[in-house]
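Side chains are part of it too, since the values below use all heavy atoms of this structure and drop only hydrogens, waters and symmetry mates.
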Amino acid sequence: MVQDIRILGTGQLIELQRRLRAAGHENIRASMQRRARRAAEPLRDELQSTIRGLNISSEGRKAGKRGGPSPTTRPFRASIAAAVRISVRTTGTPGARVWLDKSLLPPDIPVGAVNQLNDLGRLRHPVFGNKKRWSQQTTSRGFWEKTVRAHQDRITREMERVVDDVRRKLE
């Protein structure tokens, strides 16, 4: 599910990180890390908003079928949105990453469910865990990629500004 935004010229970012470590400028490195996180925050916020607002629909109950209230009080979309995280690295492959943290998802929501919703536009699951009865819910496909693509240019420009500012401070 993690969709990478590749910014060409990351060699400049890696070289800049080496120079920062060699110069020992912790405050500049911390500032760079903070600004990289700030550049990714609008993407995380919009992904969370998109997930919370997803129109997930099903065909509903058939005539004569039994039904009842959900056995869980936890909203499905809100649980997924809460698991969207940002991580910023300044070593190895530096940059910011927006991702879905599996450990923050409830145990009954597998990551595969989110992948199904994004890739196929549908989610097929057993009804309240009963593997003899299955339900299918549908939504729009590619919501994750569309949101990431919409922010890609802005994040690239912002990171170029950060790199230029840090380079100026080091010279």
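Follow the hydrophobic side-chain contacts under 4.5 Å out from L54 and you never reach L104; the two are in separate clusters.
Every residue two or more places apart in sequence or in another chain that forms a side-chain contact (heavy atoms from CB on, under 4.5 Å) with D153 is listed here: R157. Legend: residues meeting side-chain contact (heavy atoms from CB on, under 4.5 Å) with R122, ordered by chain and number and at least two apart, are L120, R124, Q136, T138. In this structure A82 satisfies the side-chain contact (heavy atoms from CB on, under 4.5 Å) test with no other residue, sequence neighbours excluded. With sequence neighbours left out, the side-chain hydrogen bond (donor to acceptor under 3.5 Å, both in side chains) criterion links Q48 to no other residue. Scanning for side-chain hydrogen bond (donor to acceptor under 3.5 Å, both in side chains) contacts around S87 gives W99, with sequence neighbours left out. The side-chain contact (heavy atoms from CB on, under 4.5 Å) search around S79 returns R74, P106, I109, not counting sequence neighbours. The side-chain hydrogen bond (donor to acceptor under 3.5 Å, both in side chains) search around Q116 returns none, not counting sequence neighbours.
Identified under the salt bridge (charged side-chain N to carboxylate O under 4.0 Å, His left out) test for residues 30-49, with sequence neighbours left out: R35-D165.
Under the side chain to side chain donor-acceptor pair (under 3.5 Å) test applied with N118, the options K146, R141, E145 reduce to a single match, E145.
Considering every non-hydrogen atom in both L43 and T147, the closest pair reads CD1-O, 3.8 Å. Closest approach of I51 and F143 over heavy atoms only: CG1-CE1, 3.8 Å. In terms of heavy atoms, A36 sits closest to A96 at O-CB, 3.8 Å. In this structure, D101 and S103 approach most closely via the heavy-atom pair OD1-OG, 2.8 Å.
Using a 4.5 Å heavy-atom cutoff, the side chains of V88 and I86 are in contact. Counting heavy atoms from C-beta outward, F76 and I56 have side chains that approach closer than 4.5 Å. Contact of the P42 side chain with the H151 side chain is registered, since non-hydrogen atoms from C-beta on lie closer than 4.5 Å. Side chains of R133 and P126 form no contact here, defined as non-hydrogen atoms less than 4.5 Å apart.
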| query | Does the pair V84 and W144 meet the rule for a side chain to side chain contact (heavy atoms under 4.5 Å, CB included), with working shown? | reply | CA-CA 11 Å; V84 177; W144 188 278; 4.2 Å; yes
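Checking side-chain atoms of T139 against main-chain N and O of N55 turns up a donor-acceptor pair under 3.5 Å.
Between L47 atom CG and R52 atom CZ the span is 11.0 Å, to the nearest 0.5 Å.
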